[in-house]
Amino acid sequence: MENLEQARQWLAGATSLAVLTGAGVSAESGIPTFRGADGLWKDFKPEELATPEAFARDPRLVWEWYNWRRELIRKAQPNPAHRALVKLEIKIAHFTLITQNVDGLHDLAGSGKILKLHGDIWRMRCTACGANWPDRRAPLPKLPPHCACGGLARPGVVWFGESLPEGMMKEAEHAAASAAVFLVIGTSAVVYPAAGLVPFAKHAGAKVIEINTEPSAVSGIVDCALHGPAGEILPQLL
Ligand code: BJW
Ligand code: ZN
């Protein structure tokens with residue numbers, strides 16, 4: 001049976017679905033991915049900027065990267081892939097959306113509960129008092145931004161070496177373990193613990209379907225690999 005038809009059948013029969021998305025799901029909205037040819041900013045790799053050490057060394061440089069990304073994201077709109085996931089949430093009784101993305105495009109498309117493993121680029125956190133607050137300004141008027149207490153503010157995201165938001169991996173694992181179908185979309189699946197959800201779901205018995213333009217680190221273990229842009233493939237699965 002053709003892969004697309006197989007995936008369609010598994011989804012049509014599923015009452016529980018967990019979805020893991022990565023940067024590729026927002027690529028067709030014009031937001032660059034992290035890795036690959038377009039994934040670099042001024043020759044820095046994400047591993048060199050998305051760390052607490054980089055921020056401690058040069059908060060302004062790290063904020064310049066986030067400011068640039070906030071400006072790009074602010075202009076972006078959800079694409080057919082984000083919208084197809086909203087339709088799946090309406091259709092399937094037990095649905096969990098797990099995302100590594102911080103761009104907020106799943107929210108904008110209308111998805112309900114979203115497990116944001118790596119935080120939210122539209123939130124700030126004070127490195128001095130721990131306060132956290134929303135801020136949608138792009139560009140920011142002054143870099144680096146500060147908290148009302150005078151402390152240095154940082155983006156409300158999860159950097160390498162930092163823990164994910166409390167309890168969130170447990171919720172994601174619960175969803176992966178109880179899903180009949182696990183959809184993994186637009187992620188290179190090299191960043192942990194998020195990438196570990198794929199073998200976790202597979203071992204728990206889910207049918208794993210991948211949508212990606214390229215092979216990823218988990219392509220070898222998925223049950224069905226659909227090669228192409230998420231915005232074109234996902235709507236065909238409904
Ligand atoms: C398309 C497409 C289209 C394009 N359609 N597809 C186990 C083993 C080894 C290492 C570790 C481990 N456990 C933990 C680690 C360390 C580390 C880690 O994973 N390192 C690896 C890189 C080796 N992990 C951590 O540090 C994590 N924390 C943690 O584990 O805490 C516990 C702990 C604490 C202290 C000590 C030890 C443990 C935290 C990870 C945080 C990641 N943060 C970032 C930045 C977030 C904020 C921001 O956005 O600025 O998250 S890094 C960056 O990578 C971002 C992404 O969410 C993440 C994943 O990237 P993603 O989404 O996969 O994007 P790409 O670009 O890689 O891939 C895009 C894909 O789309 C490609 O495949 C394309 O082909 C595809 N595509 N167009 C469909 N149209
Ligand atoms: Zn503060």
Side-chain angles (χ1 to χ4, degrees), residues 20-41 44-55 62-63 65-70 72-73 79-82 84 98-105 115-133 145-166 168-169 183-199 209-219 222 225-235:
L20 173 68
T21 64
V25 84
S26 295
E28 290 153 84
S29 296
I31 302 174
T33 60
F34 290 93
R35 296 163 187 88
D38 300 327
L40 299 177
W41 177 75
F44 289 102
K45 298 191 184 93
E47 287 77 4
E48 293 165 352
L49 289 165
T51 72
E53 293 77 20
F55 189 68
V62 173
W63 264 117
W65 183 48
Y66 279 94
N67 203 35
W68 172 75
R69 289 175 56 204
R70 285 164 65 105
L72 275 178
I73 295 168
N79 67 55
H82 297 104
I98 308 160
T99 189
Q100 299 169 84
N101 298 348
V102 300
D103 57 32
L105 289 186
L115 297 178
K116 295 180 185 176
L117 296 182
H118 296 160
D120 188 332
I121 202 167
W122 300 115
R123 294 196 71 84
M124 305 272 203
R125 195 158 81 236
C126 177
T127 57
C129 73
N132 78 88
W133 65 95
H146 284 82
C147 172
C149 82
L152 177 64
R154 58 162 285 176
V157 301
V158 181
W159 286 327
F160 286 112
E162 294 185 321
S163 305
L164 274 54
E166 173 116 36
M168 208 171 271
M169 263 318 281
L183 251 181
V184 50
I185 308 169
T187 177
S188 57
V190 296
V191 173
Y192 284 81
L197 289 168
V198 183
I209 304 169
E210 172 173 62
I211 302 176
N212 202 309
T213 46
E214 308 280 337
S216 78
V218 293
S219 296
V222 304
L226 303 173
H227 293 295
E232 288 175 26
I233 306 250
L234 253 180

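In what follows, every heavy atom counts, from backbone to side chain, and hydrogens, waters and symmetry copies are set aside. Each ligand, and each atom within it, is numbered from 1 in the order the structure gives.
- Not a single protein heavy atom sits closer than 4.0 Å to atom 38 (C) of ligand 1.
- For atom 12 (C) of ligand 1, the nearest non-hydrogen atom of the protein is Tyr192 CB, 3.4 Å.
- For atom 78 (N) of ligand 1, the closest heavy atom belonging to the protein is Ala27 CB, 3.6 Å.
- Closest to atom 59 (C) of ligand 1 by heavy atom, among Gln100, Met169, Glu47, is Gln100.
- Nearest protein neighbour of atom 21 (C) of ligand 1, counting heavy atoms only, is Val190 O, 3.5 Å.
- Both tests pass for Arg154 against the ring of Trp159: distance under 6.0 Å to the centre and angle within 45° of the axis.
- The Val157 neighbourhood of ligand 1 comprises atoms 47 (C), with distances under 4.0 Å to a heavy atom of that residue.
- The distance criterion of under 3.5 Å between nitrogen or oxygen atoms is met by Ala230 with respect to ligand 1.
- Listed by atom number, the atoms of ligand 1 under 4.0 Å from Arg69 heavy atoms are 48 (C), 49 (O), 50 (O).
- Within the 4.0 Å heavy-atom shell around ligand 1 one finds Gly161.
- Distance from atom 41 (C) of ligand 1 to its nearest protein heavy atom, with residue and atom name: Val158 O, 3.4 Å.
- Two residues are said to be in side-chain contact when any heavy atoms from C-beta on lie closer than 4.5 Å; Phe34 and Val191 fail this criterion.
- For atom 16 (C) of ligand 1, no protein heavy-atom neighbour is found at a distance under 4.0 Å.
- Residue-level proximity to ligand 1 for Trp159 is carried by the backbone, the only part with a heavy atom below 4.0 angstrom.
- Here Asp103 contributes atom CG and Ile31 contributes atom CD1; the two are 4.5 Å apart, rounded to the nearest 0.5 Å.
- Taking 4.5 Å as the limit, some side-chain heavy atom of Leu197 sits within range of a side-chain heavy atom of Leu117.
- The shortest distance between side-chain heavy atoms of Glu47 and Arg35 falls below 4.5 Å.
- Counting the atoms of ligand 1 from 1 in the order shown, those under 4.0 Å from a heavy atom of Glu162 are 27 (C), 28 (N), 29 (C), 31 (O), 39 (C).
- Counting all heavy atoms, side chain and backbone alike, Ala230 lies closest to Ile185 at CB-CG2, 3.7 Å.
- Of the listed options Val25, Asn212, Ile233, Val102, Asn212 places a heavy atom closest to atom 75 (O) of ligand 1.
- When all heavy atoms of Ala84 and Leu234 are compared, the pair lying nearest together is CB-CB, 4.0 Å.
- Every atom of ligand 1 is numbered from 1 in the order shown, and the set under 4.0 Å from a heavy atom of Glu214 is 75 (O).
- Counting heavy atoms under 4.0 Å from ligand 1, residue Leu117 does not touch it at all.
- Close N/O approach between Ser188 and ligand 1 is found [any backbone or side-chain N/O within under 3.5 Å].
- The distance cut-off of 2.8 Å around the Zn ion (ligand 2) captures these protein N, O or S atoms, sorted by chain and number: Cys126 SG, Cys129 SG, Cys147 SG, Cys149 SG.
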Inset, instruction - Determine, step by step, whether Leu226 and Glu210 satisfy the side chain to side chain contact (heavy atoms under 4.5 Å, CB included) criterion, reporting the C-alpha distance in whole Å, the side-chain angles of both residues, the deciding distance to 0.1 Å, and the verdict. - result: CA-CA 6 Å; Leu226 303 173; Glu210 172 173 62; over 6 Å; no

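- Ligand 1 has no atom lying under 4.0 Å from any heavy atom of Pro46.
- Listed by atom number, the atoms of ligand 1 under 4.0 Å from Pro193 heavy atoms are 30 (O).
- Atoms CD1 and OG1, from Ile211 and Thr187 in turn, are 13.0 Å apart once rounded to the nearest 0.5 Å.
- The protein heavy atom nearest to atom 51 (O) of ligand 1 is His118 ND1, 3.1 Å.
- Gly231 and Asn79 get closest at one heavy-atom pair: CA-OD1, 4.3 Å.
- Looking only at protein heavy atoms, the nearest one to atom 63 (O) of ligand 1 is Thr187 OG1, 2.6 Å.
- Residue Gly22 has at least one heavy-atom neighbour below 4.0 Å for each of these atoms of ligand 1: 62 (O).
- Using a 4.5 Å heavy-atom threshold, the side chains of Arg70 and Trp122 count as touching.
- In this structure, Leu164 and Pro193 have side chains that are in contact, with non-hydrogen atoms separated by less than 4.5 Å.
- Here the shortest heavy-atom pairing between Thr33 and Ala27 reads CG2-CB, 4.2 Å.
- With contacts defined as side-chain heavy-atom distances shorter than 4.5 Å, the pair Pro46/Trp41 does not qualify.
- What sits closest to atom 56 (C) of ligand 1 on the protein, heavy atoms only, is Phe34 CE1, 3.6 Å.
- In terms of heavy atoms, Met124 sits closest to Pro145 at CE-CG, 4.0 Å.
- Note: Asp120 CG to Asn101 CG = 11.0 Å, rounded to the nearest 0.5 Å.
- Ligand 1 has a nitrogen or oxygen under 3.5 angstrom from a nitrogen or oxygen of Gly186.
- Atom numbering of ligand 1 starts at 1 in the shown order; those under 4.0 Å from a heavy atom of Glu28 are 3 (C), 5 (N), 80 (N).
- Among all protein heavy atoms, the one lying closest to atom 60 (O) of ligand 1 is Arg35 NH1, 3.0 Å.
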